[in-house]
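Report on the structure given below.
In what follows, every heavy atom counts, from backbone to side chain, and hydrogens, waters and symmetry copies are set aside.
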Amino acid sequence: IIGKSKGDSDGVISYAEGFKINYSTPGLNFSDVSYLMGLKPEGVLKLGGQTAGDSNGATIDMNSSGDGLWLSDFYLGRAQWGLRYRKGDLFFDKMQGQIKNSTYKADLKIDVNKNEITIDGAMPFIDIEDLLSVFQRKVVLPVAVTGTGSAALHASGPLDFSHLSYKLA
């Protein structure tokens with residue numbers, strides 16, 4: 001138990017063959033994580049996965065889900081995704097999420113060495129009021145906005161979200 005988080009792990013560490021560690025947690029509270037690439041994550045995750053490798057490198061494969069999720073002060077709501085790490089690239093695969101009545105899907109890639117991110121996503125159904133909750137810590141509109149729709153997004157650039165290049169359709 002670390003802070004509010006708890007989990008289990010088992011594995012093998014061999015000088016000749018490398019390591020393979022399995023882990024799971026019913027509740028990883030991001031308030032117990034001191035640093036994650038400056039992304040300021042919040043919320044509680046359920047995850048299970050494996051880290052394997054040797055002195056030349058390691059890989060991560062896990063499945064995650066969570067609720068009350070925030071990343072860099074953007075609200076992500078409830079979501080689930082696969083996570084992989086390979087040679088400096090962190091992949092969030094087939095993310096599916098929900099913010100109130102709105103749904104989203106996305107694939108993200110973070111180049112850890114270059115501090116860059118690529119996002120390909122879609123919101124098959126958006127309630128504009130739900131969308132505004134994504135940005136509630138960033139901006140508050142002085143007027144009420146309502147409506148529904150759908151959207152697709154491609155974004156890429158530095159992990160400083162204010163400097164990303166966006167293509168919204």
Side-chain angles (χ1 to χ4, degrees), residues 1-99 102-124 134 137 152-167:
I1 296 178
I2 298 174
K4 298 175 186 175
S5 302
K6 60 182 177 178
D8 297 303
S9 68
D10 64 66
V12 175
I13 300 173
S14 168
Y15 178 78
E17 297 176 20
F19 61 91
K20 182 177 179 181
I21 300 170
N22 304 301
Y23 43 83
S24 66
T25 176
L28 169 65
N29 193 315
F30 271 128
S31 66
D32 297 328
V33 178
S34 62
Y35 182 78
L36 186 62
M37 297 173 52
L39 296 175
K40 301 188 312 188
E42 296 177 43
V44 179
L45 294 181
K46 176 182 177 183
L47 60 87
Q50 176 183 97
T51 299
D54 57 27
S55 61
N56 294 315
T59 62
I60 297 173
D61 292 287
M62 88 173 58
N63 290 310
S64 305
S65 62
D67 201 0
L69 300 174
W70 290 83
L71 189 64
S72 294
D73 287 331
F74 293 99
Y75 183 58
L76 302 177
R78 180 175 53 241
Q80 61 186 26
W81 63 94
L83 185 136
R84 297 179 291 128
Y85 176 81
R86 302 285 189 279
K87 298 181 181 179
D89 291 326
L90 185 62
F91 299 91
F92 293 80
D93 295 321
K94 297 180 181 161
M95 179 179 276
Q96 295 186 21
Q98 185 170 0
I99 301 168
S102 299
T103 57
Y104 63 91
K105 299 176 180 183
D107 289 308
L108 286 80
K109 175 186 169 190
I110 297 175
D111 184 322
V112 175
N113 297 316
K114 295 180 181 178
N115 283 334
E116 294 179 345
I117 188 169
T118 302
I119 304 167
D120 286 301
M123 294 186 81
V134 172
R137 292 185 180 172
L153 168 74
H154 175 80
S156 61
L159 280 174
D160 178 353
F161 287 94
S162 65
H163 291 96
L164 284 179
S165 295
Y166 298 92
K167 186 184 293 183

Open item on the list: Has Asp120 got a side-chain atom pairing as donor or acceptor with Asp107's backbone, closer than 3.5 angstrom?
Closed with: no
Task: Tyr104 and Leu76: CA distance, side-chain angles, deciding distance, side chain to side chain contact (heavy atoms under 4.5 Å, CB included) verdict - done: CA-CA 9 Å; Tyr104 63 91; Leu76 302 177; 3.6 Å; yes
TODO: Drop me the distance from Trp81's CH2 to Leu47's CG, to the nearest 0.5 angstrom.
DONE: 8.5 Å
Task: Distance, nearest 0.5 Å, that separates CD1 of Ile119 from CZ of Phe92 - done: 10.5 Å
Open item on the list: Run Ile60 and Tyr23 through side chain to side chain contact (heavy atoms under 4.5 Å, CB included) and show every step you take.
Closed with: CA-CA 11 Å; Ile60 297 173; Tyr23 43 83; 3.4 Å; yes
TODO: Check whether any side-chain N or O of Tyr15 sits under 3.5 Å from a backbone N or O of Gly18 as a donor-acceptor pair, and report yes or no.
DONE: no
Task: CG on Asn22 to CG on Asp10, rounded to 0.5 Å - done: 4.5 Å
Open item on the list: Whether the side chain of Asp32 engages the backbone of Ser5 through a donor-acceptor N/O pair (distance < 3.5 Å, no angle test) should be reported.
Closed with: yes
Task: Arg84 and its salt bridge (Lys or Arg N to Asp or Glu O under 4.0 Å) partner, picked from Asp89, Asp93, Asp61 - done: Asp93
Open item on the list: Could you report the tightest heavy-atom contact between Lys105 and Pro124, atom names first, then the distance?
Closed with: CE-CG, 4.5 Å
TODO: Please round to the nearest 0.5 Å and tell me the distance separating atom CD of Gln98 and atom CE of Met123.
DONE: 10.0 Å
- [ ] Please report the shortest heavy-atom distance between Gly43 and Leu69, naming the atom on each side.
- [x] CA-CD2, 4.1 Å
Task: Value rounded to 0.5 Å, distance of CG in Leu164 from OG in Ser156 - done: 7.0 Å
Task: Closest non-hydrogen atom pair between Lys87 and Asn113, with its separation - done: O-ND2, 4.4 Å
Task: Approximate separation, where rounding is to 0.5 Å, of Glu42 CD and Tyr75 OH - done: 11.0 Å
Task: Validation row: Asn63, Lys46 side chains within 4.5 angstrom (heavy atoms) - done: no
Task: Nearest heavy atoms of Leu108 and Met95, plus distance in Å - done: CD1-SD, 4.3 Å
- [ ] Applying side chain to side chain contact (heavy atoms under 4.5 Å, CB included), run through His154 and Thr118 and close with a yes or a no.
- [x] CA-CA 7 Å; His154 175 80; Thr118 302; 3.8 Å; yes
TODO: Please report the C-alpha distance between Leu45 and Thr25 in whole Å, then the side-chain angles of each, then the deciding distance to 0.1 Å, and finally whether the side chain to side chain contact (heavy atoms under 4.5 Å, CB included) criterion is met.
DONE: CA-CA 8 Å; Leu45 294 181; Thr25 176; 6.0 Å; no
Task: Closest contact, heavy atoms only, Pro41 versus Phe30 - done: O-CB, 3.5 Å
